[in-house]
Each structure stands twice: as structure tokens, then as C-alpha cells.
Amino acid sequence: MKTDYDVVIVGAGFSGLYMLHKLRELGFRAHVFEMGDGVGGTWFWNRYPGARCDVESIEYSFSFSDEIQQEWNWTEVMPAQPEVEAYLNFVCDKLDLRRDIEFETKVTALTYDDASWIVETARGRRVTCRFAICATGCLSAPLEPAIDGLHSFGGTTLYTNRFPKGGFDFTDKRVAVIGTGSSGVQSIPVIAQQADELYVFQRSAAYTLPSNTRPLEAGELEELKANYADIRRAQKNSPAGTVRFGAFAAFIPNGPVTKIMDATPQERIKAIDDRGWLGAFLWSDVMFDIEANKAATELYGEMIKRVVKDPDTAASLVPHYPFGCKRVIIDVDYFETFNRDNVTLVDLRKDPLEAITPTGIKTSSSEFEVDVLVLATGFDAMTGSLLRMDIRGRDGRRLADEWAEGPRTYLGLQIAGFPNLFTITGPGSPSVLSNMVTSIEQHVEWIADLLDEMRSTGQTVIEPTTEAQDEWVGHVATFAFGVRVDPTCASWYLGANVPGKPRVYMPYSGGVPQYKAKCDEVAAADYEGFVRT
Ligand code: NAP
């Protein structure tokens with residue numbers, strides 16, 4: 001059967017762009033649908049003030065083209081949003097990708113029919129393709145918080161994950177920020193510098209470390225570029241797909257050897273005297289022993305007290321859940337911001353949020369009148385962007401039903417019952433536990449090799465077996481223990497931030513090299529675990 005395209009790709013972020021390029025190189029007729037009016041995905045939508053990557057620029061970039069990595073000039077160690085977005089536009093222009101991207105076109109449904117997929121969009125377009133590839137990102141389905149009166153607010157409501165393109169001027173404004181995950185923690189210091197008054201509504205305090213970002217020094221970039229071959233090789237062999245680790249560099253390479261539980265109170269304090277914030281966590285038992293984890297959090301609290309002058313505020317800023325169960329944040333002057341006269345922390349664990357009113361926010365003890373409400377309340381992560389499309393596979397089965405108890409994939413790449421559908425960095429792959437760009441490149445190249453091989457052998461349909469999928473899901477689940485699934489921690493890795501979402505630890509935690517080895521083994525064994533016809 002003739003289809004409109006060989007492949008339709010949903011999304012024009014890092015993964016969609018590289019997938020398009022790779023498929024075009026191989027001579028496939030590929031087409032991208034993108035919801036935004038520009039490329040970038042995460043880096044297109046999350047343009048809130050202070051948005052910055054937590055992987056170093058030199059590694060948070062494509063490795064597939066030496067020309068691109070030599071031509072592009074990063075200016076900072078940890079890149080800010082505008083620079084990553086500009087980089088992706090540069091890549092897009094350099095590879096002439098735009099001509100195959102249909103912008104402002106949201107895909108609403110994917111339906112499998114007769115060895116092909118029907119793709120429907122919100123604009124009423126309906127096209128067919130042999131293969132459909134979801135390059136929809138892990139953190140791209142914005143979560144609207146379930147707060148009474150949310151839509152009654154009469155001022156300006158802004159979402160960090162859909163921030164206005166031209167920015168927003170907070171000058172002379174009374175502002176409320178709800179949410180203190182990465183997006184809140186990064187935006188709060190910048191908003192505080194502009195706003196008249198800033199109220200920070202915190203339900204869970206954050207583990208955040210100074211990003212230590214700085215401009216790249218003269219000659220530094222050139223030296224890094226000269227060593228790119230080694231850096232890229234090392235990235236691929238590193239569990240997290242990154243070797244330089246920015247703010248977290250001190251955790252690497254071999255990790256600490258001393259246990260906090262064996263350290264005297266004086267030795268613990270000396271650790272933060274000598275090593276600052278990292279001194280709180282650089283102990284070998286912190287991730288393995290919950291008492292050690294609590295002791296580390298106490299030390300972290302000591303560090304906060306050293307910075308935040310008001311003792312009640314400092315106490316409220318100490319997390320109530322274990323270190324390591326949520327993604328650690330990088331910030332610029334987050335704790336220092338709470339010493340400003342125009343910034344107030346509202347601890348929702350002591351004074352719960354009751355409602356949003358037409359003029360502001362009501363907690364159980366107070367009312368806060370504000371002009372602007374900034375919602376930094378996160379995402380329906382990893383599955384949200386897939387399940388918000390109506391995806392129907394073989395015999396009309398709905399992905400939403402298949403995943404009612406949590407996502408099930410083979411290798412995070414394909415789903416039994418959904419032939420010829422691929423997920424780049426899908427649940428069950430390292431994705432968010434790694435440098436996304438490293439993992440994206442690995443997936444794109446694996447999928448491209450497969451499609452190329454299928455074309456050369458005349459095969460048109462591929463689907464994993466339920467047995468292979470069950471086995472993989474079971475393997476991924478063996479890593480869901482300890483702090484990762486701590487009941488006090490509402491992490492999005494676990495789906496615990498979304499009311500009613502099944503609690504399943506979604507990413508694969510075995511590390512990038514082990515995962516890649518498994519994917520390569522599967523391919524070498526004639527795509528073991530998949531059925532091809
Ligand atoms: P998030 O980590 O899920 O944080 C959402 C925040 O909103 C949490 O503090 C949450 O509190 C709060 N919240 C949600 N609903 C609420 C309600 N009804 N009332 C009060 N508070 C509420 O989301 P995010 O900050 O957007 O970050 C998501 C992920 O994106 C990050 O973990 C990271 O992987 C990625 N990201 C990365 C960067 C970076 O690399 N630099 C920057 C931004 C985002 P609870 O914790 O109590 O639920």
C-alpha cells in the first residue's frame with residue numbers, strides 16, 4: 001500500500017530533528033509535525049526566566065556531526081535556554097530541516113490500519129505513513145494543578161512550561177510563584193530581581209545545588225573542541241551519558257568512600273566547611289541507607305542556615321523527603337534570594353493552599369493579593385505526551401487502556417500491539433536519568449538502522465512480543481527500590497505528582513552503556529524479542 005510518507009515524526013525537539021535528518025540521509029520520505037511555531041521542543045516551550053540546562057553545553061549537544069560541533073560556539077559552561085534554542089535553530093538551518101517540518105500542527109490521533117499509520121492533526125490534516133515515531137519528549141505535557149479557583153484569577157497567569165515568547169516584565173508587580181521544582185527554583189531568583197513583591201508557595205522544599213555556571217574562558221572552548229572525540233567516547237561509556245557533570249563533578253569519578261554514619265558530628269560539619277553544599281552528600285552510604293540520607297539532609301539544612309538569615313524560612317527550605325528520589329536541581333542564587341526584603345516563602349506544609357481567588361491566593365491562615373501568578377507545577381512526565389494523543393494499535397486497542405496500570409514497553413522503543421510505532425526515549429529507557437542528547441542519539445541511530453535493514457530485506461512490519469516486553473518491564477522494575485520509591489517523595493519519575501496516575505518507576509536505571517549494550521545485542525540477534533514480517 002502506498003502511504004503519504006514512509007515515516008511521520010511527532011515533535012521537532014532534539015529527537016525529532018535528528019530523526020528527520022537521519023531518515024532523510026537514508027532516503028526515507030519523512031515528515032515532522034510540530035505543535036509549536038519553532039523548533040526546540042522542551043527548549044522552545046520552557047523559556048521562563050532563569051531556564052538553564054543541568055548538563056554542560058559541550059555535552060548537551062549533538063555528536064553526530066563533527067562539522068556542527070566544531071562550528072557552533074557555546075558561550076557558557078551550563079547553557080541557558082536561549083542558547084540551546086538558538087543552537088537547535090542553527091542545526092535546523094545547517095541541515096535544511098525546516099522544509100520537512102509542519103509547524104503549529106498538533107497531532108491528535110495515531111491509528112494503526114493495514115500495516116500503516118493514519119496520523120490526524122488538530123488542523124484537520126490526515127496523512128498515512130508506514131512508521132510513526134513519537135519524538136514527543138519526556139517532560140512536555142504540562143500539568144495543570146488541581147487548585148480550586150485556578151481559572152478565577154483576574155490577573156496574569158503564566159506557566160513556566162508555556163512561557164510567553166517575548167518574556168514578561170515583572171517590574172512593579174506583586175507576583176506569586178507556585179511550585180519549587182527545577183522550573184520554580186530557577187525562575188524565582190530572576191523574578192525576585194524585578195518584582196515589587198514575590199511570594200513563593202512551597203509544598204515540597206527542593207534539593208538544589210549551585211550551578212557554578214560561568215562564561216567559557218578564552219581558549220577553553222577551542223581546547224574542548226579539539227578533544228571532542230575523547231569527550232564523546234567517554235560520554236557513551238558513562239552511566240549517565242555525561243562525563244563533566246558541571247555542579248555535580250565532585251561526585252565523580254569513583255565516588256566518596258567515607259560513610260556519614262561513621263563520621264562524628266565534627267567530621268560532618270568539617271565536610272561542609274571544606275566542600276560546601278556537596279559536602280552534605282559526598283558520603284558513600286547516603287543513597288543506600290535511609291538514616292545516612294537523613295543525616296545528609298540535616299547537613300544540607302546546616303548549609304541552608306548559613307545562607308538564609310531568617311531561621312523559620314531556613315527551616316522550611318529543608319526537604320522533608322530523601323535526597324536522590326527527585327531530580328537534583330541546579331540553581332543560581334536560590335537560597336540567597338530568600339534574604340531579599342521583597343521575597344516571602346509561604347510554607348504550604350504549615351499553611352495549606354486553599355484556593356486561588358480573583359485577586360490572589362488564599363491559604364488556611366492568610367490571603368495574598370497579587371498581580372501575576374506563575375505556575376511552575378510540572379508535567380505529566382514520560383507518558384503524558386503520548387497518552388494525550390489518541391493512539392490506537394492493532395485491532396483497535398487504545399494505548400491509554402494498555403497503559404492503565406503504567407507504561408509497558410520493550411526497551412522503551414516499542415509497544416506490543418502497536419506495530420511500527422516507536423518512542424524515542426520512551427518509558428523503560430535511560431532517558432531522563434541520563435544526558436538526554438546522548439540517549440536520543442542512541443535511540444535515533446538504533447531506529448534508523450532497523451528501518452534501513454527492514455527496507456533492504458523487504459520487511460514492512462515490526463512489533464515486540466508480549467513476552468519480551470513483559471521481561472523488559474520486569475527488569476526495569478528491579479531498580480525501583482530504596483529512595484526512588486520512598487513513600488514521602490512525590491516524584492514525577494514515579495508518576496506520583498499526577499493525581500490518579502499509577503505509581504510505576506518509569507525510566508531505566510541500569511545506566512547508558514548497559515542499556516546500549518542490550519539494544520545492540522538485540523539487533524545483532526536478528527532483533528530478538530521483535531516479530532518482523
Ligand atoms: P516539578 O519538578 O514536578 O515541580 C513542580 C512543583 O510544583 C513541585 O514543587 C510541586 O510540589 C509543585 N506543585 C504541583 N502542584 C501543586 C499544587 N497543587 N500546589 C502546590 N504546589 C504544587 O516540575 P518542574 O520544576 O517543571 O521540573 C520538572 C522536571 O523538568 C525537572 O525535574 C527536570 O528534570 C526538568 N527540568 C530541568 C531543568 C534543568 O535541567 N535545568 C529545568 C526545568 C525543568 P510537590 O513536589 O509537593 O508535588
Side-chain angles (χ1 to χ4, degrees), residues 41-43 45-57 59-60 76 78-81 83-84 137-150 159-163 176-188 190 199-211 213 240 242 246-248 317 319-321 324-332 334 345-349 351-356 361-363 373-382 384 425 431-437 486 488-499 501 506-507:
T42 284
W43 298 100
W45 297 105
N46 291 270
R47 52 182 72 245
Y48 59 83
R52 188 178 291 283
C53 186
D54 58 3
V55 175
E56 292 196 20
S57 51
E59 294 187 55
Y60 196 79
E76 281 188 277
M78 315 296 286
Q81 178 274 334
E83 191 160 25
V84 184
C138 296
L139 291 154
S140 43
L143 198 58
E144 182 135 296
I147 303 176
D148 279 351
L150 177 63
Y159 286 80
T160 49
N161 48 34
R162 279 170 267 170
F163 210 75
V177 174
I178 301 181
T180 48
S182 306
S183 308
V185 165
Q186 291 191 333
S187 56
I188 285 161
V190 185
Y199 301 100
V200 175
F201 291 83
Q202 173 196 277
R203 191 166 67 181
S204 301
Y207 285 103
T208 174
L209 299 169
S211 90
T213 192
T242 174
F248 309 106
L317 287 164
H320 67 278
Y321 55 89
C325 76
K326 291 190 186 184
R327 189 170 175 111
V328 178
I329 302 167
I330 59 151
D331 72 85
V332 177
Y334 180 63
L345 180 72
V346 183
D347 183 346
L348 299 177
R349 299 182 74 75
D351 186 10
L353 200 162
E354 288 192 342
I356 291 173
I361 293 180
K362 186 174 175 335
T363 62
L373 181 58
V374 178
L375 294 164
T377 44
F379 303 85
D380 182 354
M382 307 205 67
T425 62
S431 62
V432 291
L433 296 180
S434 68
N435 174 354
M436 285 299 289
V437 187
D486 190 276
T488 61
C489 176
S491 91
W492 56 259
Y493 294 134
L494 198 56
N497 64 327
V498 181
K501 187 166 175 171
M506 294 181 283

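Residue numbers run from 1 in the order of the sequence given. Remember, it's 1-based here, ligands and their atoms both numbered in the order they're listed. Because the structure is a prediction, the values reported are computed rather than measured.
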(Q) Looking only at protein heavy atoms, which one is nearest to atom 34 (O) of ligand 1, and what is the separation? (A) Arg327 CD, 2.9 Å

Q) Applying a strict 4.0 Å limit to heavy atoms, is Val432 in contact with ligand 1? A) no

Q.
Judged on heavy-atom distance to atom 5 (C) of ligand 1, which of Ser183, Ala376, Cys53 sits nearest?
A. Ala376

Q | Flag, side chain of Thr213 to backbone of Met78, donor-acceptor distance under 3.5 Å | A | yes

Q | Numbering as shown, the atoms of ligand 1 that approach Pro145 to under 4.0 Å (heavy-atom distance) | A | 18 (N)

(Q) Residue-level breakdown please: for Phe201 versus ligand 1, do any non-hydrogen atoms fall below 4.0 Å on the side chain, on the backbone, on both, or on neither? (A) neither

Q | Protein heavy-atom partner closest to atom 30 (O) of ligand 1 - residue, atom, separation in Å | A | Leu139 CD1, 3.4 Å

Q | Polar side-chain atom of Gln202 near backbone of Asp347 as donor-acceptor pair, under 3.5 Å | A | no

Q: Run the numbers on Glu144 and Tyr159 for side-chain hydrogen bond (donor to acceptor under 3.5 Å, both in side chains), then give the verdict.
A: CA-CA 9 Å; Glu144 182 135 296; Tyr159 286 80; 2.6 Å; yes

Q. Going by heavy atoms, is Tyr493 under 4.0 Å from ligand 1?
A. no

(Q) Below 4.0 Å, non-hydrogen atoms only: which portion of Ile178 touches ligand 1? Side chain, backbone, both or neither. (A) side chain

Q) At under 4.0 Å between heavy atoms, which part of Ile147 makes contact with ligand 1: side chain, backbone, both or neither? A) side chain

Q) In the protein, what heavy atom is nearest to atom 29 (C) of ligand 1, and what distance, to one decimal place, separates them? A) Trp492 NE1, 3.5 Å

(Q) Has Asn161 got a side-chain atom pairing as donor or acceptor with Trp45's backbone, closer than 3.5 angstrom? (A) no

Q.
Taking Ala381's backbone N and O only, do any of them form a donor-acceptor pair with Lys501's side chain (distance below 3.5 Å, no angle check)?
A. yes

Q.
Counting non-hydrogen protein atoms only, what is the nearest one to atom 44 (C) of ligand 1? Give residue, atom name and distance.
A. Ser182 CB, 3.5 Å

Q: Report the nearest protein non-hydrogen atom to atom 2 (O) of ligand 1: residue, atom name, distance rounded to 0.1 Å.
A: Gly181 CA, 3.7 Å

Q. Taking atom CD of Glu76 and atom OG of Ser57, what is their separation to the nearest 0.5 Å?
A. 8.0 Å

Q: Measure from the side-chain N and O atoms of Thr180 to the backbone N and O of Ser204, and report whether any donor-acceptor pair falls under 3.5 Å.
A: yes

Q) Quick one: does ligand 1 sit under 4.0 Å from the side chain of Ala51, the backbone, both or neither, non-hydrogen atoms only? A) neither

Q: Report the member of Ala496, Gly378, Ser187, Ala490 with the shortest heavy-atom distance to atom 1 (P) of ligand 1.
A: Gly378

Q. Quick one: does Arg327's side chain get under 4.5 Å of Tyr493's, heavy atoms only?
A. yes

Q. Taking non-hydrogen atoms only, is Arg52 closer than 4.0 angstrom to ligand 1 via side chain, backbone, both or neither?
A. backbone

Q: Please confirm whether the backbone N or O of Pro210 pairs with a side-chain atom of Tyr334, one donor and one acceptor, at under 3.5 Å?
A: no

Q. Can you list the atoms of ligand 1 that are under 4.0 Å from a heavy atom of Tyr48?
A. 42 (C), 43 (C)

Q: Check ligand 1 against Gly179 and write out every atom of the ligand that is under 4.0 Å from a heavy-atom position of the residue.
A: 6 (C), 7 (O), 9 (O), 12 (C)

Q | Student check: side-chain heavy atoms of Ile361 and Leu373 closer than 4.5 Å | A | yes

Q. Do side-chain atoms of Tyr60 reach the backbone of Thr242 as a donor and acceptor pair under 3.5 angstrom?
A. no

Q) Within less than 4.0 angstrom of ligand 1, does Lys326 place any heavy atom? A) yes

**Q.** Shortest non-hydrogen separation from Ser211 to Arg52 and the atoms involved
**A.** OG-CD, 4.3 Å

(Q) Using side chain to side chain contact (heavy atoms under 4.5 Å, CB included), reason through Trp492 and Val432 one step at a time and then give a plain yes or no. (A) CA-CA 11 Å; Trp492 56 259; Val432 291; 3.7 Å; yes

Q | Protein residue, atom and distance nearest to atom 10 (C) of ligand 1, heavy-atom basis | A | Arg203 NH2, 4.3 Å

Q. Quick one: does Thr180 get an N or O within less than 3.5 Å of an N or O on ligand 1?
A. yes

Q. Atoms of ligand 1 less than 4.0 Å from Ser204 heavy atoms?
A. 45 (P), 46 (O), 47 (O)

Q) Hey, which atoms in ligand 1 end up nearer than 4.0 Å to a heavy atom of Asp54? A) 40 (O), 41 (N)

Q) Are Gln186 and Ile330 side-chain neighbours, meaning at least one heavy-atom pair lies under 4.5 Å? A) yes

Q.
Can you tell me which portion of Thr377 lies within the under-4.0 Å heavy-atom range of ligand 1? Options are side chain, backbone, both, or neither.
A. both

